[in-house]
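The basis for the numbers below is simple: all heavy atoms, side chains too, and nothing from hydrogens, waters or symmetry mates.
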Amino acid sequence: MTLLASLELLLLCIPILAAPSSILDTGPFSWPFFSWFTSPAGFPDEVAVLRLAPFSDPAARAFLVNSSALPLVDFDLQESYAGLLPISAEEGEARKLFFWYWPTSAPEGSKHLTIWLNGGPGCSSLMGFLQENGPIMFLPGMDKPEYNPEGWTTATNMLYIDQPIGTGFSAGPASVRNEEDIAEQFYGFLQQFYTIFPELLSKPLIFAGESYAGYYIPFIAHRILHASQEEQARQAISVHALLMNDGCYSSGIVMQHAPTPAFARLHQATLNLTTAQILELEQRRASCGYDALLAQIRYPPAGKLTLPNNVDYTPYECDLTDLFKQWCREANLCFKEEKVGQGCLKENPLDTYFSRSDVQSLLHLPPSSWSECTSHSVYKSGKDESAVYSETLLPELVDRLPGGVTLWHGVLDALLLAEGDRLTIQNLTWGGEQGFQEEPHTPLYLGREKKGLWHEERGLTYVEVYDAGHMVPQDQPEVALRVLKYVLGLDGL
Ligand SMILES: *[C@@H]1O[C@H](CO)[C@@H](O)[C@H](O)[C@H]1NC(C)=O
Ligand SMILES: *[C@@H]1O[C@H](CO)[C@@H](O)[C@H](O)[C@H]1NC(C)=O
Ligand SMILES: *[C@@H]1O[C@H](CO)[C@@H](O)[C@H](O)[C@H]1NC(C)=O
């Protein structure tokens, strides 16, 4: 199935989430327990090969992966740890998440632990691992994985996790109803993970992810922040920052429908749309009340932004995303909503690679069928029954996390639109004020090249990345690494 094809199923939501409050603070950092040495002769210079000091718990050894033995990989890689861990300590717990832990290859990267989550719902984070920010890249058109010099392990310890249950290599029956259940299961998994890898507990977490992970991540971070005193006494997990690209945080009206006509006009030629189609979209934008909504994007905002008729409901004729994508597909056989102008893709090696039994056994997995995105809902009822959108959790997270929240978006993403992030941000109240007071305008340069623009106020950073679609780290790996380093405090923007 195509990437994120189920994304449109999501956007429902109404009432209120009760938030008990408790304080969780950043623990002391622990210093690297690794030793580094530079590449032995015969390996690419950039690949610093890292030997791990063994984790203290002997159970950790069962998860050790000889990464250099990954099929089709003909260069040396640092050792990693992978396998399944249950979401609770209950005996016979059959519900397990898959993890793959990669220690950083750079000494300065050992301070934090960065968790990467892809979206869907139901898409494996191995997508991100192999095609966005992992230490190796295996993209359509390549015949084997290549070393990725912009891999995020060059800046931080990385932990890729397949969740919720029903996703990727995770195991057991799907049982979540909503994002709170997802956060609860994730928290349970983390407790099991830290029991086996206690040395990682002192490393403040960065939660990074894409797309539907824009829903998962704030709920998970909120769950950790509001852990009970007893839970905190047992394991003090600290969250440093959130980093979400091309995410969903708000209603379909905000993230997709209202901004669609302007996006269509901007990319009309590339998308091969007719002027009559553009005019039709614009006419509906007016009649559906979206013009009035968009007119409320101001810096600073004039007050809370209101949805058309003040309700979060999209009548059929106002589902502009669906109409837009249908026209795009009709006008261009190779239309991919992940990136405008991407063209026809070669076959994707992802499914084949992770379906290999040698790969699976190296990762300590039983023989499993694998696909990048599940065709079954990961939610018990078939849909996410969350009471609120993740945007409602963002203000507290921005205010309380030492490294704040960074939202970033590829401007060629047709699945979720950058303008939707701007709408979302201008309606948030954090740090005592609503929205950005100033319109984002600061260019982001890599060398002399302008690669996007960015803006930060009161702990919330927004970055727009040029020439990038939905999967920003795949399309603009250097920019992505720079944004990550900014969040880690290792670089500026
Ligand atoms: C790891 O795999 C590589 C490549 O297959 C092999 O040369 C090496 O001996 C293995 N290391 C260990 C410790 O098994
Ligand atoms: C803005 O936020 C308020 C709650 O603070 C919400 O009721 C309203 O629907 C939001 N507006 C949009 C456009 O999402
Ligand atoms: C553009 O759309 C027209 C139909 O409107 C179609 O005939 C033509 O083949 C399309 N061009 C491309 C490059 O897809």
Side-chain angles (χ1 to χ4, degrees), residues 1-18 84-88 90 93-99 115-128 160-190 207 209-224 244 246-256 312-314 319 321-322 368-393 415-416 470:
M1 85 172 245
T2 54
L3 177 65
L4 300 172
S6 51
L7 188 81
E8 295 86 345
L9 301 179
L10 51 112
L11 310 148
L12 39 143
C13 302
I14 312 155
I16 295 295
L17 181 88
L84 292 166
L85 277 176
I87 59 157
S88 79
E90 278 166 42
E93 176 63 82
R95 296 169 301 172
K96 295 173 181 171
L97 300 184
F98 170 74
F99 73 93
I115 292 180
W116 173 265
L117 301 177
N118 278 100
C123 294
S124 168
S125 298
L126 293 179
M127 225 163 82
Y160 296 87
I161 297 174
D162 275 354
Q163 69 86 49
I165 286 158
T167 303
F169 283 126
S170 66
S175 56
V176 295
R177 293 160 302 170
N178 52 35
E179 298 305 312
E180 282 175 83
D181 287 353
I182 285 179
E184 194 57 36
Q185 296 196 346
F186 196 92
Y187 190 78
F189 163 85
L190 277 183
F207 277 99
E210 183 172 281
S211 198
Y212 208 86
Y215 279 154
Y216 300 149
I217 286 174
F219 280 90
I220 293 170
H222 180 271
R223 172 65 182 85
I224 296 173
M244 297 175 282
D246 303 68
C248 19
Y249 323 102
S250 187
S251 69
I253 294 172
V254 165
M255 309 303 303
Q256 299 182 306
D312 185 6
Y313 169 72
T314 308
D319 185 336
T321 302
D322 237 27
S368 334
S369 64
W370 190 89
S371 58
E372 60 178 314
C373 297
T374 169
S375 50
H376 303 286
S377 177
V378 296
Y379 301 98
K380 212 156 124 187
S381 73
K383 60 176 195 222
D384 183 350
E385 307 207 41
S386 298
V388 294
Y389 296 120
S390 63
E391 64 181 346
T392 57
L393 307 180
L415 183 57
L416 288 160
H470 194 65

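- Looking only at atom types and distance, the side chain of Y379 has a donor-acceptor partner in the side chain of E179 under 3.5 Å away.
- Residues satisfying the side chain to side chain contact (heavy atoms under 4.5 Å, CB included) test with S175, not counting sequence neighbours, are R95, Q185.
- Nearest heavy-atom pair, P218 versus M244, reported as atom, atom and distance to 0.1 Å: CD-SD, 3.8 Å.
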Between E372 and C123, is a side chain to side chain contact (heavy atoms under 4.5 Å, CB included) present by the stated rule, with each step listed?
CA-CA 5 Å; E372 60 178 314; C123 294; 6.0 Å; no
Would Y160 and N118 count as a side chain to side chain donor-acceptor pair (under 3.5 Å) if you check the C-alpha gap in whole Å, the side-chain angles of each, and the deciding distance to 0.1 Å?
CA-CA 9 Å; Y160 296 87; N118 278 100; over 6 Å; no
Side chain to side chain contact (heavy atoms under 4.5 Å, CB included) between I182 and Q163, worked out
CA-CA 8 Å; I182 285 179; Q163 69 86 49; 3.3 Å; yes
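- Atom OG1 of T321 sits about 9.0 Å away from atom CG of L415, to the nearest 0.5 Å.
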Please walk me through it: do L97 and I165 pass side chain to side chain contact (heavy atoms under 4.5 Å, CB included)?
CA-CA 7 Å; L97 300 184; I165 286 158; 3.7 Å; yes
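- Remark: side-chain polar atoms of D162 are not paired, donor with acceptor, to backbone N or O of S124 under 3.5 angstrom.
- Annotation: Y216 is in aromatic contact with Y212 [ring centroid separation under 6.0 Å].
- Atoms CD1 and CZ, from I217 and F186 in turn, are 8.5 Å apart once rounded to the nearest 0.5 Å.
- Of all the heavy atoms in A174 and S377, the pair that sits closest is CB-O, 4.4 Å.
- Taking OG1 from T167 and NE2 from H376, the interatomic distance works out to 12.0 Å, rounded to the nearest 0.5 Å.
- Expressed to the nearest 0.5 Å, how far CZ of F189 lies from OG of S170 amounts to 11.0 Å.
- Note on ring orientation: taking the six-membered ring where Trp is involved, the planes of F169 and F98 are perpendicular (angle over 60°, cut-offs 30° and 60°).
- Side chain of S125 to main chain of I161: a donor-acceptor pair is present (N/O by atom type, distance under 3.5 Å, no hydrogens or angles).
- For the pair T374 (side chain) and G122 (backbone), a donor-acceptor distance under 3.5 Å is absent.
- Minimum interatomic distance between L84 and F99 (heavy atoms only, all atoms of both residues): N-CE2, 4.4 Å.
- L117 CG to M127 CE: the interatomic distance, rounded to the nearest 0.5 Å, is 11.5 Å.
- Looking only at distances, no side-chain donor or acceptor of S386 sits under 3.5 Å from a matching main-chain atom of V388.
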Show the numbers, then the answer: is there a side chain to side chain contact (heavy atoms under 4.5 Å, CB included) between L393 and Y249?
CA-CA 9 Å; L393 307 180; Y249 323 102; over 6 Å; no
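- In this structure, the side chains of L416 and S211 come closer than 4.5 Å at one or more pairs of heavy atoms.
- Minimum heavy-atom separation, S88 to E93: OG-OE1, 2.6 Å.
- Contacts of D181 classified as side-chain hydrogen bond (donor to acceptor under 3.5 Å, both in side chains), with partners at least two apart in sequence or in another chain: R177.
- Put simply, the side chain of Y187 does not reach to within 4.5 Å of the side chain of I220, judged on heavy atoms.
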